[in-house]
Amino acid sequence: MAKAQVCEFPTLELSQTLAKKRKNDSLERSPLTDRKINVETVANGNKNQAQRSRLPQPSLKRMRLNTTVDNVDPAVVVKKSGYSAASASSKGISSRPSIGVRSQYGVGLARAVHGTEARSRAVNCAATVAGVTGKKPRVAVTAPSTVQTAVGSKKRPPWDLKGQLSDMKVQLGNMKTRVCEYSSKLEMSELQSRQLHESMDQRDKQLDAAKAQINELQNNLKAMELLLKDREVELTKCRDENTAMQGVLEVRETEIERLTGEVTELKTSRSVLQSNYLTLSTLAEDTENKLKVKEMELAQKVTCIEEQQSMIAEQRDVIMERDERLHCAEQERRRLHNTVQELKGNIRVICRVRPLLDSEMEGLSEIEHVQFSASDEKVIALTKREESHTGHDRKDEFKYDFSFDRVFQPIATQKDVFEDISQLVQSALDGYNVCIFAYGQTGSGKTFTMEGPDDMTCDTKGMIPRAVDQIFSTAQELKVMGWTYKFTASFLEIYNETIRDLLVTKPEKNVEYEIKLLNNKSKQLHVTNLKYVTVTMKDQVHNLIATAKANRSVAKTAANDHSSRSHSVFQLQIEGSNSDRDLQCSSTLSLVDLAGSERLDKSQSKGERLREAQAINTSLSCLGHVIMSLSSKESHIPYRNSKLTYLLQNNLGGNSKTLMFVNLSPLEENFSESLNSLRFASKVNNCVIGTAQMNRK
């Protein structure tokens, strides 16, 4: 109830302040304002006697007093004195009408104004009561007075003071009526407030009674809880006693059951012993008979085992003899195989002419300038017709004949080519260094021969993947003879006399690759910082080949859109051992795809391509010099003139087997380049180097 009173008074004071402001606004809009203006006009006009009115004029002192009172705004006065409307009413500032109004118009007008404040207070009281009871207050809306309407519609002249006074009286009567209405409403609000106070008192009494009852129930609850704890303690004791009794009872029952079981077992054992005695008697007789039979069978089996052991010893001797013969046959096979390869030559040259591409077949039905022999697969000829130097009517035909170890026509497949070199790949497993490289101009099919196309299939696989497949399959077959092999693969390219690792996708900066001896005792070469991968399956090698093919340097030239601008070298180091025979062998299989060789005027290389072409031609010239030096058996072989020859020196010397593919383009426009390639291959084919030796440890 105290909270309701605290909330009520500020609201009432605020309503009183708003009522004052409305009163002042109505006074400013009332006829008194007009009267004040007229009085000032008259006072100022007294100076002019010609314009002075004949009616009696108020004194100057009263006019000044009324003017001062009418111009005072209570809200402005309160604001200037440092108080708000709410604080002014809470501190007891009087809201009565000004003294000027009270003295000039009498007590009636002041009461009328005070009635307006009472009306505001009644409305606020009703709002407060509604806030307590929860109901919405109903506020009466009073229409503006008829006097104000009349005054607003027709304004009296300034000199009609009596008319203005009568209007004020009518207005004062209306205000008294409204004051009476608001007083009755205020009484009703006070009555409701008293009723609410009484209702709150009753509720407070009921609340006190309920609290006392709750305290009593809480005391009873505590007593019941204490009693419940006592009962729980007693119940726990009873449970413990019951558990102990149940344990004793179970022990007694277990003992009774055990004794009963023992009695039953004794009875059963007695009957079983009796039956067993009879059975044992019968079994003893049967066992004696069976024992005699088993002794006879054992004597027979001992005799059979002795015979089997003698047969096993004989078979073991046969197996050892066959193993020795098989080993001798394998060694003889290797010797004969090497002899055959030596008869073919330690440096062999195979010529291959690629077929026409689809884009090259327009207007060209067959290859006329390249001729093959139907009876000899080792002969190839190039023909060319030129205008006669003596006359223009006839043309002279020039023919260039060449002979190699084998010539493959454009219809030859990858399988046909590999069958001719498969025996050379077998020599790598036998312990001989083998080098196979492809030579020819750009666009002659070197990369296709060595690696195969990008969309490679089983039929289009190149020499490198086919050689890897044969190496792994043959190594698996030799396991029966006691041979085990370890394979280590590497793939690099030589670009502008600089070595690059093709198995590293993102090469590190400032990494140098140098060709050095593995150790002082061995003549085997290795490249520093190069990635050597130990492989156990052929699929691993195929993945390495795909990675290297993606990382190789290619560029567009006038001869080919995707020309290889470097020498790619794939090396597979093979280490074999036979623990039963205490034999070991090691070799290196090198498969090289040389960069395209052509004259600078043919490739039309410029800038970076020109430097690449110069480096390629220089390294190929060094390769030719090394082969010529080996053929003439010079004391100094210029291996170090080129990174390519320095890396392959162990595969080009007398202790190795070398095969060169010379690839030719079928286009007649490449006649001069094809002729140069065949001439270089013919020089290589005529070279004779020393006999290759097996690398045994």
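Note that the structure is a prediction, hence the values are computed from the model and not measured.
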Taking all atoms of both residues into account, what is the closest heavy-atom pair of [X] and [Y], and its distance?
| X | Y | answer |
| --- | --- | --- |
| S677 | G440 | OG-CA, 4.2 Å |
| N551 | T505 | ND2-CA, 4.0 Å |
| L664 | L678 | CD1-CD2, 3.7 Å |
| P638 | V626 | O-CG2, 3.4 Å |
| F487 | A475 | CZ-CB, 3.9 Å |
| S490 | K531 | CB-O, 3.9 Å |

Spatial distance of atom [atom1] ([X]) from atom [atom2] ([Y]) [nearest 0.5 Å]:
| X | Y | atom1 | atom2 | result |
| --- | --- | --- | --- | --- |
| C622 | R640 | SG | CZ | 13.5 Å |
| H526 | L530 | NE2 | CG | 9.5 Å |
| I574 | T588 | CD1 | OG1 | 7.5 Å |
| E377 | C351 | CD | SG | 13.0 Å |
| N663 | S674 | CG | OG | 10.5 Å |

If we ignore angles and hydrogens, is there a donor and acceptor under 3.5 Å between the side chains of [X] and [Y]?
| X | Y | value |
| --- | --- | --- |
| Q573 | Y532 | no |
| D416 | T413 | yes |
| Q584 | S577 | no |

Check [Y] with [X], please: is the shortest side-chain N to carboxylate O separation under 4.0 Å?
| X | Y | result |
| --- | --- | --- |
| D420 | R348 | yes |
| K446 | D593 | no |
| E497 | K643 | no |

Quiz prompt | Ring centers of Y646, Y639 separated by less than 6.0 Å | solution =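 Here the rings of Y639 and Y646 have centres that are no less than 6.0 Å from each other.
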Exercise. Assess the pair F661 and Y439: is the distance between their ring centroids shorter than 6.0 Å?
Key: no
Answer yes or no: is there a side-chain heavy-atom contact under 4.5 Å between [X] and [Y]?
| X | Y | result |
| --- | --- | --- |
| F472 | V541 | yes |
| N529 | D501 | no |
| Q414 | K461 | no |
| I627 | T658 | no |

Quiz item: Checking side chain to side chain donor-acceptor pair (under 3.5 Å) for the pair S444/R354: CA distance, chi angles, key distance, verdict?
Solution: CA-CA 7 Å; S444 59; R354 72 167 176 86; over 6 Å; no
Quiz item: Can H567 and S619 be said to form a side chain to side chain donor-acceptor pair (under 3.5 Å), step by step?
Solution: CA-CA 9 Å; H567 309 301; S619 62; 2.6 Å; yes
Could you check whether any side-chain N or O of [X] sits under 3.5 Å from a backbone N or O of [Y], counting only pairs where one atom can act as donor and the other as acceptor?
| X | Y | result |
| --- | --- | --- |
| R552 | S566 | yes |
| Q470 | S422 | yes |
| N496 | T498 | no |
| D405 | V349 | yes |
| S587 | A428 | yes |
| T383 | K399 | no |
| K549 | L544 | no |
| E634 | L630 | no |
| T645 | N641 | no |

Practice problem: Would you please test R500 and Y495 for side chain to side chain donor-acceptor pair (under 3.5 Å) and show each step? | Solution: CA-CA 7 Å; R500 294 181 179 180; Y495 175 78; 5.1 Å; no
Quiz item: Do other residues, nucleotides or ligands put more than 12 heavy atoms under 6.0 Å from the NE2 atom of H625?
Solution: no
Practice problem: Would you kindly check if the NZ (Lys) or CZ (Arg) of R406 is within the cone defined by 45 degrees around the ring axis of F404 and under 6.0 Å from the six-membered ring centre? | Solution: no
Self-check item: Axial cation check for F398 ring with K384, 6.0 Å and 45° limits
Solution: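 The answer is no; the distance or angle limit is not met.
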Practice problem: Would you check, one step at a time, whether the test side chain to side chain donor-acceptor pair (under 3.5 Å) holds for T457 with T460? | Solution: CA-CA 5 Å; T457 61; T460 59; 3.0 Å; yes
